[in-house]
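On a predicted model such as this, the values are computed, not experimentally measured, just so you know. Side chains included, hydrogens not; waters and symmetry mates left out as well; all remaining heavy atoms used.
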Amino acid sequence: PSSAEATATEPEFVHTIARTLNVDPEGEWTFVVDKLNKHASEGLVKRVAEECGLHDSLGKKTFAASSNR
């Protein structure tokens, strides 16, 4: 399926973003997405950080901020 489809998985979405970035690696990109988990996934953050040359540890995505206290 295409990443534009509602059933696209997180890895498919990451692949689509990577493929898009490869069209013009030196270009400036802006992606507008909704709040689906795959649009803020750890895999996507790592891929974008790699594309931007960020190699420091970014930590791991957790749900601590949304837990009830």
Side-chain angles (χ1 to χ4, degrees):
S2 165
S3 289
E5 295 179 24
T7 59
T9 65
E10 184 265 343
E12 289 169 334
F13 183 70
V14 172
H15 177 74
T16 297
I17 296 297
R19 192 174 62 228
T20 301
L21 294 172
N22 286 333
V23 168
D24 183 3
E26 301 301 317
E28 291 188 28
W29 294 93
T30 301
F31 295 94
V32 179
V33 297
D34 57 19
K35 293 183 179 184
L36 290 175
N37 287 337
K38 67 183 172 188
H39 296 155
S41 69
E42 185 177 330
L44 181 61
V45 170
K46 286 182 176 183
R47 179 63 185 185
V48 171
E50 179 182 300
E51 291 291 330
C52 293
L54 301 174
H55 301 290
D56 293 336
S57 174
L58 298 174
K60 292 226 178 250
K61 181 178 179 179
T62 66
F63 296 97
S66 65
S67 66
N68 293 331
R69 295 178 185 201

* Asked: Shortest non-hydrogen contact from Glu10 to Leu44?
  -> OE2-N, 3.7 Å
* Asked: Among all residues two or more places apart in sequence or in another chain, which pass the side chain to side chain donor-acceptor pair (under 3.5 Å) test with Asp34?
  -> His39
* Should Glu50 and Lys46 count as an ion pair when the cut-off is N to O under 4.0 Å? -> no
* To do: Would you name the heavy atoms of Val14 and Gly43 that are closest together and state the gap between them?
  => CG2-C, 3.9 Å
Give every donor-acceptor pair under 3.5 Å between a side-chain atom in residues 25-33 and any protein atom, sequence neighbours left out.
unit_1, atom_1, unit_2, atom_2, d
Trp29, NE1, Asp24, O, 3.2

* Asked: Roughly how far, to the nearest 0.5 Å, is the CD1 atom of Ile17 from the CD atom of Glu12?
  -> 13.0 Å
